[in-house]
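Working notes for the structure below.
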Amino acid sequence: MAEPIVRISHLNSWYGRGRARRQVLRDVSLELAPGQALGVVGESGSGKSTLAKCVLGLVTDITGTLEVNSPRPQMVFQDPYGSLNPTKTVGWILEEPLRAAGVRDRAARRQRVRDFLPLVGLEEEHLARRPAQLSGGQRQRVAIAAALIQGSKLIVLDEPVSALDVTLQAQILQLLADLKQRLGLSYLFISHDLAVVYQLCSHVAVMTGGEIVEAGDVDEIYDHPRHEYTKKLLAASLALD
C-alpha cells in the first residue's frame, strides 16, 4: 500500500500568545492517500481552514503528528480576484511560480505556460490580460494553473467554487476532476457545502469546534449520516439545491 501523501494524528493547534493564545484544532486525525480527493467540510469557524494552513506549514504552533509527503504543496483560494496580482498579466502570473522555483530560462518558462493553458481551458490570448479583464471562472482557472504549474501533486483547495454561480461551479469541479485524473493529483478540498464535496471527493471529514466528528466514504456519510452536525450540514446543502 502506498504511503499517505498526508498523515495527521492527534493534531492540536493554537493561535495567539500568552493569555490571548487559544486552541483551534483538537485531536484531529486523518490521512490523504495519493490520488485521493478528501473533503473537509464544516461551517465558518469549524477549523477547516486552519487545518489547511497546518498542512501548508503556515500554522506552526501545533502538537501531534503532521506528515506531508509531497514537495511544494500548493493552495487554490476562494477568491481568485483577491489572490491574483491585479497589476500583472496572466502570462506574468503563471511565470512567477516558475521563477520562484528557480527556472531562469525565460523561453522555457513561457513554453511551460503555453503548454499548460489548454489543460485549464484557457487560450494564448488570455496571457496578455489582467485579472480584471477575465470572468470569475477564467480567474479561477488561472489560479488553478498557477498552483499546478510547478508540478505539485498535493493541492489544497479552500472553498474554490463558493464565489462562483452554479454553472461555473460545475465547470470548475469538472476541471478539477479531469486534472486530478490526468496529472495524478491529491486534493484536500475545504468546503462548507456537503453537496459540492460529494461531486468531487471520494472521502469526507466533517469538522465542528476544531474537531472531526465524522469521517469516511462520501457516499456512506451522504446517505447515512450519523452525527447530528453532519445531518444539519446535509440538510442545509439539500435546501440550496
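Position 1 is the first residue of the sequence; numbering continues from there.
- In terms of modelled atom types and a separation under 3.5 Å, the side chain of His126 and the main chain of Glu123 share a donor-acceptor contact.
- In the hydrophobic clustering of ILVMFWY residues, with side-chain heavy atoms under 4.5 Å counting as a link, Ile221 and Val28 come out apart.
- The heavy-atom pair separating Gln74 from Ser152 by the smallest distance is CG-OG, 3.2 Å.
- Side-chain N/O atoms of Gln36 and Ser186 include no donor and acceptor closer than 3.5 Å.
- Contact of the Tyr187 side chain with the Leu200 side chain is registered, since non-hydrogen atoms from C-beta on lie closer than 4.5 Å.
- There is no path of hydrophobic side-chain contacts, each under 4.5 Å, that joins Met75 to Ile172.
- Taking every heavy atom of both residues into account, Val218 and Val204 meet most closely at CA-CG1, 4.1 Å.
- The local environment of CZ in Arg182 is sparse, with at most 12 non-hydrogen atoms from other residues, nucleotides or ligands closer than 6.0 Å.
- Looking only at distances, a side-chain donor or acceptor of Ser191 sits under 3.5 Å from a matching main-chain atom of Asp193.
- Surrounding CD of Glu125 are more than 12 heavy atoms belonging to other residues, nucleotides or ligands, all under 6.0 Å away.
- In the hydrophobic clustering of ILVMFWY residues, with side-chain heavy atoms under 4.5 Å counting as a link, Leu38 and Leu179 come out apart.
- Proximity of a side-chain donor or acceptor of Arg112 to a complementary backbone N or O of Ile149 within less than 3.5 Å is detected.
- Nearest heavy atom pair, residue Gly42 against residue Leu233, reads CA-CD1, 4.1 Å.
- The NE2 atom of His192 sits 9.5 Å away from atom CD of Glu43, with the distance rounded to the nearest 0.5 Å.
- Once rounded to the nearest 0.5 Å, the distance linking CG of Leu30 with CG of Leu188 reads 7.0 Å.
- Shown here for Gly137 and Leu168, the closest heavy-atom pair between the two residues is N-CD1, 3.9 Å.
- In summary, the side chains of Tyr198 and Asp219 do present a donor paired with an acceptor at a separation below 3.5 Å, with no hydrogens or angles considered.
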Side chain to side chain contact (heavy atoms under 4.5 Å, CB included) between Leu98 and Glu96, intermediate numbers included: CA-CA 5 Å; Leu98 299 175; Glu96 178 61 13; over 6 Å; no
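- Residues Val196 and Glu159 fail the side-chain proximity criterion, which asks for heavy atoms closer than 4.5 Å.
- Cluster membership check: Leu148 does not share its hydrophobic cluster with Leu154, using side-chain heavy-atom separations under 4.5 Å among Ile, Leu, Val, Met, Phe, Trp and Tyr.
- Scanning all heavy atoms of the two residues, the minimum distance from Ala52 to Val156 falls at CB-CG1, 3.6 Å.
- By the rule that hydrophobic residues join a cluster once side-chain heavy atoms approach within less than 4.5 Å of another member, Leu119 and Leu173 end up as members of one cluster.
- Using a 4.5 Å heavy-atom threshold, the side chains of Val40 and Phe189 count as separate.
- Atom CZ in Arg129 sits 10.0 Å away from atom CG in Leu127 (nearest 0.5 Å).
- Between the side chain of Arg109 and the main chain of Val103, a donor-acceptor pair closer than 3.5 Å is present.
- Although no hydrogens or angles enter the test, the distance criterion places no donor-acceptor pair under 3.5 Å between the side chain of Glu211 and the main chain of Asp27.
- Of the N and O atoms on the side chains of Gln111 and Arg114, at least one donor lies less than 3.5 Å from an acceptor on the other residue.
- Although no hydrogens or angles enter the test, the distance criterion places a donor-acceptor pair under 3.5 Å between the side chain of Ser29 and the main chain of His10.
- Heavy-atom neighbours of Arg72 CZ from other residues, nucleotides or ligands within 6.0 Å: above the threshold of 12.
- The number of heavy atoms from other shown groups lying within 6.0 Å of NZ (Lys153) is above 12.
- In this structure, the side chains of Ile155 and Ile144 stay at 4.5 Å or more apart for every pair of heavy atoms.
- Taking CD from Gln140 and CD from Gln171, the interatomic distance works out to 12.5 Å, rounded to the nearest 0.5 Å.
- Annotation: the span from Ile8 atom CD1 to Leu32 atom CG amounts to 8.5 Å, rounded to 0.5 Å.
- Counting heavy atoms from C-beta on, the side chains of Leu51 and Val59 never come closer than 4.5 Å.
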Side chain to side chain contact (heavy atoms under 4.5 Å, CB included) between Val68 and Ile5, worked out: CA-CA 6 Å; Val68 178; Ile5 199 164; 6.0 Å; no
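- Inter-residue side-chain proximity for Ile190 and Leu157 is flagged as unmet; no heavy-atom pair is nearer than 4.5 Å.
- Residue Ile212 comes nearest to Met207 through the heavy atom pair CG1-CG, 3.8 Å, listed as atom of the first residue, atom of the second, then distance.
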Audit row: Leu94, Val90, side chain to side chain contact (heavy atoms under 4.5 Å, CB included) steps and yes/no: CA-CA 6 Å; Leu94 295 183; Val90 169; 3.9 Å; yes
Verdict with reasoning, Leu11 to Cys54, per side chain to side chain contact (heavy atoms under 4.5 Å, CB included): CA-CA 9 Å; Leu11 181 68; Cys54 287; 4.2 Å; yes
Residues Lys48, Asp158; criterion salt bridge (charged side-chain N to carboxylate O under 4.0 Å, His left out); working and verdict: CA-CA 9 Å; Lys48 59 188 188 298; Asp158 191 3; over 6 Å; no
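- At distances below 3.5 Å, at least one donor-acceptor pair connects side-chain atoms of Gln169 with backbone N or O atoms of Val161.
- Taking NZ of Lys180 as the start and OG of Ser202 as the end, the distance is 6.5 Å to the nearest 0.5 Å.
- Here the side chain of Lys232 pairs no donor or acceptor atom with the backbone of His227 at under 3.5 angstrom.
- Judged by a 6.0 Å distance limit and a 45° cone about the ring axis, Arg99 is positioned over the six-membered ring of Trp92.
- At a cut-off of 3.5 Å, with distance as the only test, a side-chain donor of Asn85 or Thr87 sits close to an acceptor on the other residue.
- Remark: the backbone N or O of Leu25 is paired with a side-chain donor or acceptor of Gln23 at under 3.5 angstrom.
- Of the possible polar contacts, none joining the Arg22 side chain to the Tyr15 backbone as a donor-acceptor pair under 3.5 Å is found.
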